[in-house]
Each structure stands twice: as structure tokens, then as C-alpha cells.
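Quick notes on the structure that follows.
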Amino acid sequence: MKKYLYIIYNQCALQLIYKFDFFVGLLSKAVQLFMTIFIWRAIYISNGYEVIKGYTFETMIMYIIMNNFSSILFSFEYCFRLGQMIRSGKLTTILLRPISILGEGFSYYLGNKFIYIIIYIIVFITMCLQLKGSQINYLIACLLLVIINVGMFFMLLSFISTLGFRFIQMWPLRPILTAFYLLLGGVYFPLDLLSEKWYSIISLNPFSLVGHITTKAMQGFYNTKEILVYCLVSILWAEIFRFFYGRAMERGLKLYEGMGS
Amino acid sequence: MSKKLYKVFISHSLQETLIYRSTSVFIVVFGILFFVIELVSGMVYFEYTDSLLGWTKYDYYMLICTSYIIQCGYQMLFSSAHESLCEKIIEGELDYIFVRPVNSFFYYIFYRVDLPSAINLTIAIIVQVIIMSKKSYSILQMIGFVLFILLGIWFLFLLNQIVVMVSFWKEKSSKLMGMPEYFVDASTRPKDMYPNVIKYLLIWIIPIFTTINGPVDILKNDYNMVAFLWYFI
């Protein structure tokens with residue numbers, strides 16, 4: 001366990017050393033956030049709407065801010081790490097170490113996102129206390145959903161990263177994964193604005209669980225039971241990704257030549 | 001830098017595309033998907049409004065398409081150069097470019113052509129032509145539109161070039177490399193929806209709004225000549 005804590009600590013320290021990169025990353029997210037806020041502002045202004053499908057302008061803005069912040073925590077940089085290690089041959093050094101490759105990856109991911117996780121927890125507690133201060137069960141259910149989502153999302157990233165065994169260039173994946181998150185996670189617009197038929201099809205996808213559903217849970221749109229159902233769905237997704245990750249790694253390692261290309 | 005050398009670069013790029021076929025297909029398919037997702041978002045926005053501060057659904061789609069053409073054009077011609085340049089600066093491999101008996105600048109910017117992006121570019125142009133065919137435009141508007149798209153590609157090159165140069169001073173600035181992309185993303189929406197401060201910044205300081213919104217403004221006959229002149233300068 002201690003070795004994993006060291007990895008978390010090292011990654012966290014690395015983030016703080018490269019402050020410039022860290023702040024530029026935040027700035028880039030701010031650009032995206034303002035873009036979405038302004039487009040919704042224009043929609044509300046253009047038609048003089050008070051409420052759109054249950055969302056007032058204020059609720060909509062809060063939703064967009066929270067969901068955009070989630071997208072920092074649930075981002076896709078980690079997907080490309082394995083691919084880079086395969087290309088450079090550095091994967092061999094990880095394989096040789098007496099360490100679980102998945103555990104090492106998870107520690108790396110947590111360390112990398114440590115600062116955001118702290119901010120996220122602070123924002124999370126502030127929001128939940130404002131909404132359902134008296135219901136401790138609701139708070140615990142929300143927190144549980146966030147924790148399970150972190151694990152599920154990590155398994156999704158790990159599964160996607162195994163594509164690195166087959167593809168030399170992984171960069172085209174980045175914009176498309178981001179685009180999937182933007183659309184299926186409900187970053188551009190809350191997913192329930194879609195027709196009921198479409199919403200029922202895509203509402204339980206992994207991106208929606210970490211983005212749309214979690215944000216709405218924090219805004220107090222659901223009850224405790226509903227959140228627990230979402231927790232179960234998230235666990236199910238995590239298990240599916242874990243299974244496919246195992247299979248893909250097994251096959252990928254057979255393809256891996258052990259040295260850089 | 002001669003034509004012959006550029007032909008060799010194109011030939012190498014073609015060979016590379018064909019050798020790494022799956023990667024190339026990957027780039028094309030995902031590029032198209034990204035484009036479709038942008039169009040779908042537009043559809044959702046216009047479910048709730050007919051006009052977005054004067055921009056119709058039709059104008060909005062044209063804007064998405066135009067910005068995609070400019071971005072694909074940049075990716076096709078220059079993105080490989082910028083990616084490798086950043087790495088070469090950090091790794092200290094620039095010397096190999098400098099010692100060659102050719103113009104170093106042209107050598108590295110034209111070193112590779114990203115052919116999968118050329119396929120995406122073609123698709124985007126076809127969609128743009130289909131959208132444009134629904135209305136009629138004057139010859140001058142068409143010339144202005146094409147000219148501004150070409151200028152847009154060149155502007156994106158210059159913007160990215162400036163950002164890549166930061167690598168000479170900052171070792172780990174990968175996120176900064178993505179900044180032009182975020183600014184371009186922001187300007188793929190109608191500029192009228194932004195507050196005046198942002199409009200001022202992105203028209204007069206970094207004229208990225210003129211780059212992306214400009215071609216569509218020409219087709220809409222709703223442009224600011226002074227902003228265009230500033231952009232040329």
C-alpha cells in the first residue's frame with residue numbers, strides 16, 4: 001500500500017511543480033465553460049424563456065458550472081499513458097516491478113487529479129449542504145455515487161488505453177472522447193432536454209453517470225433511492241470495463257515486443 | 001525548399017498513411033464523428049429557439065462547417081510540423097534540421113502532410129457546398145469566403161507557431177499547446193452571443209472571431225470592414 005501512496009504523492013508534487021501547465025489547464029476549461037454559459041444565455045434571451053423543461057436560467061448555469069468542473073476530474077489524459085509507454089518501451093519497467101499495473105495506474109490517476117479531487121469535494125459538500133442539509137442519507141448516497149464513479153471512470157480509461165497496443169497514434173481519440181463526454185455527459189446541455197425516447201436510451205451511459213446524473217444529484221433533483229440505483233448501474237459498468245480491460249491486456253501483452261518502436 | 005522536395009514529403013506522407021492504415025482510418029472515422037456531434041448539439045439548441053441572437057439554424061450549421069474546414073486545413077498542412085517541432089525543441093534535435101542545405105523554416109513546416117485530415121476536409125467541403133446550395137450568393141461573396149478560409153488556415157498556423165515557440169522557454173507546457181484549440185472551439189459559436197469584452201479581445205487582440213466567424217459573416221453580408229482590415233494587418 002505504501003508504494004502506491006508514494007506514487008500518489010509523487011504525481012501530486014509533480015502537478016504542483018509545473019504550476020504553469022496547471023493554470024493553463026484551468027484557463028482552457030474556463031474558456032469552454034463560458035462558451036456553454038453564453039450559448040444558453042443567448043437561448044434564454046432570444047426567446048424570453050423563464051423555464052426550459054424545469055430548468056430556470058440560474059439552475060441551468062449552476063448545472064453547467066458543476067458539470068464542466070466534473071469534466072476536469074473525469075478527463076482523458078490517462079488513456080494515452082499506456083500507449084506512450086508501449087511506444088517507448090517503458091511498459092517493460094512497470095511490468096518488471098513487483099506492483100499491480102492497475103494499482104499503479106490508479107495511484108497515478110488519483111495523484112494526477114488530487115488537487116481537483118480536493119476542490120471537487122469542497123464544492124460537493126457546499127452544494128449538498130445547501131440543498132439537502134437535513135438529509136444525511138442523501139449526502140452519503142451522493143458521495144458514494146461520486147466515489148463509485150471515480151472507480152468506474154478509471155476502469156473505462158484503462159480499457160480505452162489498451163488500444164495503445166494496436167494503434168500507434170492515439171491522439172485522434174482525444175478530441176472524440178472529449179466530444180463524447182461533452183455530448184453524452186450533458187456538458188453542452190442537460191440530457192433530459194432531449195426527447196424522452198433518446199433520454200431513456202442514453203441516460204445511463206458511463207459519461208452521463210459521471211456528468212449529467214451526478215450533477216443533477218448534487219442539485220437535489222433525485223431522491224436517495226434513485227441515487228442508489230445509479231450507484232448500482234455505475235458498478236455494473238465498472239465490472240464490464242474491468243472484464244474487457246483484462247481480456248484486452250492479456251491479448252495486448254502478447255503483441256507487445258518489450259521495446260520501443 | 002524546392003517543389004521536388006515537397007513532392008518527396010507528400011510521397012512519404014502517403015506511404016506513412018498507407019503503412020499505418022488502421023491509424024489513418026481511426027483518424028478519419030473519429031474526425032467525422034466529432035463533426036457530427038457538433039451538428040447534433042446545434043440541433044438541440046435550435047429545438048428551443050428559432051434564432052440565436054440573429055443567427056438562424058442554417059447560419060449556425062454553416063459556421064460549424066466553416067470552422068471544421070479551417071481546422072482540417074490546418075491539421076492537414078501544419079499540425080504534424082508543430083507536434084514534432086515541440087518535441088524536437090525539448091529533445092534538442094533541432095540541429096539536424098539546421099544543418100541541412102535547405103531553408104529550415106520551410107523544411108519543418110512542410111515536412112509532413114496529414115492525409116487522413118485531407119479526407120475529413122473533403123467531407124466538410126462537400127457538406128458546406130450542400131448547405132450553401134440552398135441559398136444563392138454573389139461571386140464576390142464566394143471569393144471572399146474562400147479567401148477567408150485560406151487566411152484562416154494560415155492564421156491558425158501563425159497562432160500555433162507562436163505557442164510552440166514557448167517550448168524554448170518552458171519545458172512542460174503541453175496544455176498551453178492546446179490553448180489555440182480551445183480559442184478556436186470558443187469561436188466556433190456565433191460571436192454575437194459573447195459579452196463585448198470577449199468580443200473586443202477576440203476581434204482586436206487575437207482576431208480569432210474574424211478568422212472563424214468571418215467567412216460566414218461574408219455570406220450573411222454582415223461584416224465589419226475595419227475588423228477585416230485589422231485581421232489582414
Side-chain angles (χ1 to χ4, degrees), chain A residues 14-15 17-49 52-53 55 77 80 163 166-184 186-191 193-195 198, chain B residues 16 19-20 22-38 40-55 71 75 79 83 116-117 120 166 169-179 181-183 185-195 198:
Chain A
L14 211 65
Q15 290 294 307
I17 290 170
Y18 294 113
K19 286 185 270 299
F20 179 73
D21 210 35
F22 175 75
F23 286 114
V24 171
L26 274 187
L27 185 68
S28 62
K29 278 288 162 193
V31 171
Q32 199 182 58
L33 171 68
F34 284 118
M35 185 180 92
T36 319
I37 289 178
F38 288 129
I39 206 154
W40 276 109
R41 185 172 148 263
I43 292 172
Y44 276 90
I45 291 174
S46 295
N47 285 40
Y49 283 123
I52 296 178
K53 272 204 174 177
Y55 291 91
E77 294 97 351
F80 311 100
L163 285 173
R166 291 171 192 277
F167 296 105
I168 287 154
Q169 283 184 42
M170 290 278 282
W171 70 263
L173 250 186
R174 198 190 177 108
I176 193 61
L177 284 173
T178 311
F180 266 126
Y181 189 94
L182 291 176
L183 193 66
L184 297 176
V187 178
Y188 279 163
F189 52 86
L191 293 178
L193 291 190
L194 293 167
S195 67
W198 277 106
Chain B
E16 214 171 80
I19 290 169
Y20 303 125
S22 47
T23 306
S24 309
V25 172
F26 203 58
I27 296 172
V28 173
V29 172
F30 287 156
I32 296 167
L33 266 173
F34 189 62
F35 181 47
V36 170
I37 284 170
E38 284 285 333
V40 169
S41 301
M43 275 166 71
V44 174
Y45 295 143
F46 283 94
E47 282 261 309
Y48 294 92
T49 184
D50 294 327
S51 154
L52 205 65
L53 299 176
W55 285 68
Q71 289 177 70
Q75 272 172 21
S79 69
E83 269 170 39
S117 296
N120 288 342
V166 175
W169 290 273
K170 288 274 174 192
E171 193 185 319
K172 195 173 187 285
S173 53
S174 59
K175 286 212 170 72
L176 187 72
M177 304 299 137
M179 278 310 279
E181 197 184 313
Y182 287 108
F183 278 118
D185 274 350
S187 54
T188 55
R189 303 291 181 267
K191 64 177 184 300
D192 301 315
M193 68 182 206
Y194 290 99
I198 297 180

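Chain letters run A, B, ... following the sequence lines, proteins first, then strands; residues in each count from 1. No hydrogens, no waters, no symmetry mates; every other heavy atom, side chains included, goes into these values.
In this structure the side chain of B/Met193 never reaches within 4.5 angstrom of the side chain of B/Trp55, judged on heavy atoms. The side-chain heavy atoms of A/Tyr44 and A/Ile52, taken from C-beta on, include a pair separated by under 4.5 Å.
Within the 4.5 angstrom heavy-atom criterion, atoms from both the backbone and the side chain of A/Ile39 approach chain B. Residue B/Glu38 touches chain A through its side chain alone, counting heavy-atom pairs closer than 4.5 Å. For a residue to count as touching a neighbouring chain, one of its non-hydrogen atoms must lie under 4.5 Å from one of that chain's; by this rule A/Phe189 touches chain B with the side chain only. Contacts between A/Leu193 and chain B at a heavy-atom distance below 4.5 Å involve backbone atoms as well as side-chain atoms.
With A/Tyr188 contributing its side chain and B/Val44 its backbone, the two residues share no donor-acceptor pair below 3.5 Å.
Taking A/Leu194, A/Ile43, A/Val31 one by one and counting their heavy-atom pairs under 4.5 Å with chain B, the maximum is reached by A/Ile43.
For the pair B/Arg189 and A/Phe34, the cation-pi test (distance below 6.0 Å, angle within 45°) is failed.
Closest non-hydrogen pair, A/Pro190 versus A/Trp40, comes out as CD-CZ2, 4.3 Å.
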